Amino acid sequence: MSESPEPLLSVQGLEKHFPITKGLIKRQVGAVKAVDGLSFDVVKGETLGLVGESGCGKTTTGRLITRLLEPTGGKVVFEGRDITHMSQGALRPLRRDMQMIFQDPYSSLNPRHTVGAIVGAPFRIQGVKTEHGTKKAVQDILELVGLNPEHYNRYPHEFSGGQRQRIGIARTLALKPKLIIADEPVSALDVSIQAQVVNLLEDLQNELDLTYVVIAHDLSVVRHISDRVAVMYLGKIVEIADRQALYEAPMHPYTTALLSAVPVPDVKRRTERERIRLQGDVPSPLNPPSACRFHTRCWKAQEICKTVEPPLAELATGHQVACHFPENAPKDAVPGDAGTAVPA
Amino acid sequence: MSFLELNDLRVHFPTDDGLVKSVDGLTFKLERGKTLGIVGESGSGKSVTSLAILGLHKGGRAMISGEIWLDGEELVSASAEHVRTLRGKKMAMIFQDPLSAMHPYYTVGAQIVEAYRIHHHVSKAVARKHAIDMLGRVGIPQPERRIDSYPHEFSGGMRQRAMIAMALSCDPELLIADEPTTALDVTVQAQILDLMRDLQQEFNSALIIITHDLGVVAELSDDILVMYGGKCIEYGTAEDIFERPEHPYTWGLLGSMPRLDRARTERLMPIKGTPPSLINVPSGCAFHPRCAFEGRTGGKANTQVPELLETEGGHLVRCHLPREERRAIWENEIKPNLESV
């Protein structure tokens with residue numbers, strides 16, 4: 001976003017290639033390009049949604065940003081500081097400002113710790129002293145996320161899925177972080193509970209001035225909570241735009257196909273809806289298709305898509321797309337300009 | 001008599017903590033060529049119902065009562081051996097997770113051939129040819145080569161297709177799909193839903209689709225049954241459920257769901273609380289602790305179990321609120337919020 005001079009988080013050309021080794025001496029024979037050159041900024045107070053199908057690298061991206069995985073290339077800049085190759089020791093104070101919410105509320109909480117110990121762990125690890133003691137601080141946070149503070153001494157198995165996710169959120173919020181990476185925060189929950197947690201995340205954002213990167217595969221949930229949305233396909237961003245622009249006038253054929261594939265609970269229009277049906281599955285990231293990675297499933301693909309990789313170009317204000325033949329593009333825009341395109 | 005009829009089906013499991021009433025008095029009918037969607041949250045009893053129809057609780061600890069009539073035959077009292085002869089040929093199931101539903105040691109082809117040869121006395125070669133046909137029908141490329149692949153060599157979508165091929169290999173008249181697309185990506189989900197719709201029309205089978213995703217139900221179903229705490233709380237045509245739902249729980253489900261086909265609502269309207277424990281089901285209406293309109297029932301909510309009553313033309317609702325009041329609440333309080341910008 002151009003109007004904001006200093007983004008809270010800036011990701012530049014981020015790459016993660018997992019090596020594939022073979023034989024006794026672990027000779028490297030290839031690489032899974034899980035994340036292959038991502039660039040985006042997140043400004044303070046906004047929510048960026050990261051959507052894509054399984055295997056597109058969205059979870060890996062979240063883990064790279066929080067340095068739970070080592071990037072093999074590119075840069076992660078948080079509050080103006082390059083944290084890409086910071087040591088774990090130097091990183092620790094930064095962990096206060098950058099936290100993660102995990103998908104599975106069952107496996108992300110230690111079953112042998114009480115809620116108090118789980119939510120209090122960040123204080124202990126970071127050596128944070130609070131005015132009225134850790135217990136009071138933990139109980140305040142439990143109340144904030146809608147749990148009963150008296151449940152301090154209970155164990156995770158005593159709670160339902162939705163309540164466990166609240167415990168996870170409480171732990172995330174303990175040290176008042178600035179940036180929260182939420183990896184599929186609601187996909188393991190029942191529909192009625194999903195809505196509770198989505199509303200909670202929104203309330204907390206307003207109250208505590210949080211910045212979110214929400215990773216999810218559910219396009220309707222992402223539209224509901226995000227200000228901007230990035231669509232990923234096989235390790236690359238194919239389109240990034242404001243929520244409204246992306247959902248109402250998607251430019252990339254993949255985005256269009258994704259949106260039209262979502263089943264809509266409207267029985268009146270089920271027969272008349274026009275759908276784009278993609279053929280086949282997402283190709284393996286081990287051997288991604290040449291140039292534009294979507295060309296094997298794209299109905300608009302032509303010769304150029306197989307030979308020249310379309311760059312992620314800004315075709316309208318704040319609307320970037322990587323496609324040679326974008327839809328809904330303004331007339332004067334030059335998509336996939338041959339001058340700037342990178343030959344594969 | 002309908003092709004499939006359930007009459008007051010109850011499936012209870014005795015446990016150390018008490019009796020779990022997973023399904024507690026379920027009644028519905030389904031005709032050939034029709035699709036019934038069963039919707040509910042986890043623990044509402046939707047999967048247990050499907051397993052009971054297939055007779056897969058037999059020999060376990062489940063206590064089953066009531067009647068299941070399939071094409072004129074009663075299945076609850078039938079012997080396990082007899083129900084086994086019906087499984088595969090008369091009725092079949094598509095499971096949620098194809099990786100755990102398929103045997104990892106056998107090729108996909110061998111698993112389809114096995115089921116086919118149990119019901120048809122044909123040679124291996126003929127059965128193999130049939131299996132290749134079926135794999136081709138469900139859209140697996142190069143079926144004559146893929147038939148010798150193992151389940152782990154297939155992608156998620158391909159595996160789900162192979163499972164559908166397996167379920168359809170003996171032309172079952174009743175097909176039950178339990179969360180058939182939950183494990184799949186949206187683009188693949190769309191392909192599988194199309195495939196199921198086409199195949200159902202081709203075979204004219206009865207289809208039960210069990211899911212928590214209202215979008216999937218709306219795409220496929222003729223009729224919809226909403227379950228809560230082991231009971232049917234609302235039943236009607238797809239139009240009834242989506243255009244004029246009358247149960248507060250159904251309203252809650254619709255309000256909880258962000259929708260792509262409407263303008264974005266500022267705020268979702270969740271249902272408060274959590275789904276009930278099936279050991280200590282709340283007294284009276286099982287939904288009353290979470291119901292926003294509980295106060296308007298005149299104190300009946302936590303003392304009397306409401307009956308499943310017809311409001312209009314086959315649309316059944318289990319709620320204490322008077323019909324006119326339900327309609328007024330839907331028109332004035334719920335519907336405008338669902339459509340607001």
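All chains are named by letter (A, B, ...) in the order of the sequence lines, taking the proteins before the strands, and each is independently numbered beginning at 1. Everything numeric here is computed off the predicted structure, so don't read it as measured data. Note: hydrogens, waters and symmetry copies are ignored here, and every other heavy atom, side chains too, is used.
Under 4.0 Å is where a charged nitrogen must lie from a carboxylate oxygen, and between K46(B) and D178(B) no such pair does. Comment: E153(B) does not engage R146(B) in a salt bridge, judged by the lack of any side-chain N to carboxylate O separation of less than 4.0 angstrom. Salt bridge annotation for E46(A)-R228(A): present, with a cationic side-chain nitrogen under 4.0 angstrom from a carboxylate oxygen.
Taking chain B as the reference chain and counting heavy-atom pairs below 4.5 Å, the highest number among Q196(A), E248(A), R297(A) is found for Q196(A). In terms of heavy-atom pairs under 4.5 angstrom with chain B, the leader among D203(A), V198(A), I225(A) is D203(A). Most heavy-atom pairs under 4.5 Å with chain B: of the set G161(A), S220(A), P265(A), G52(A), this distinction falls to P265(A). Chain A forms more heavy-atom pairs under 4.5 Å with one residue of Q191(B), H212(B), R290(B), R267(B) than with any other, namely R267(B). Contact tally against chain A (heavy-atom pairs below 4.5 Å) for S155(B), G255(B), P141(B), S256(B): the top residue is S256(B). With chain A as partner, the option from T181(B), D194(B), D213(B) having the largest number of non-hydrogen pairs under 4.5 angstrom is D194(B).
The six-membered or imidazole ring of Y233(A) lies away from that of H252(A), with a centre-to-centre distance of 6.0 Å or more.
Using a 4.5 Å cut-off between heavy atoms, H217(A) does not touch chain B at all. Contacts of E202(A) with chain B are made by side-chain atoms alone, with heavy-atom separations under 4.5 Å and no backbone atom involved. Proximity to chain B (any heavy atom under 4.5 Å) is shown, for R223(A), by both the backbone and the side chain. At a 4.5 Å heavy-atom cutoff, the contact between V221(A) and chain B is made by backbone and side-chain atoms alike. Both the backbone and the side chain of E41(B) come within contact range of chain A, each with at least one heavy atom under 4.5 Å from a heavy atom of that chain. Proximity to chain B involves both the backbone and the side chain of S54(A), based on heavy atoms less than 4.5 angstrom apart.
A distance-only check finds no donor-acceptor pair linking the side chain of T265(B) to the backbone of L268(B) [under 3.5 Å].
Ring geometry for W251(B) against W330(B) counts as parallel: the plane angle stays under 30°, on a 0 to 90° scale with 60° as the upper cut.
In E202(B), the CD atom is crowded: over 12 heavy atoms of neighbouring residues, nucleotides or ligands sit closer than 6.0 Å.
Between the side chains of D223(B) and T237(B), no donor-acceptor pair of N or O atoms lies under 3.5 Å.
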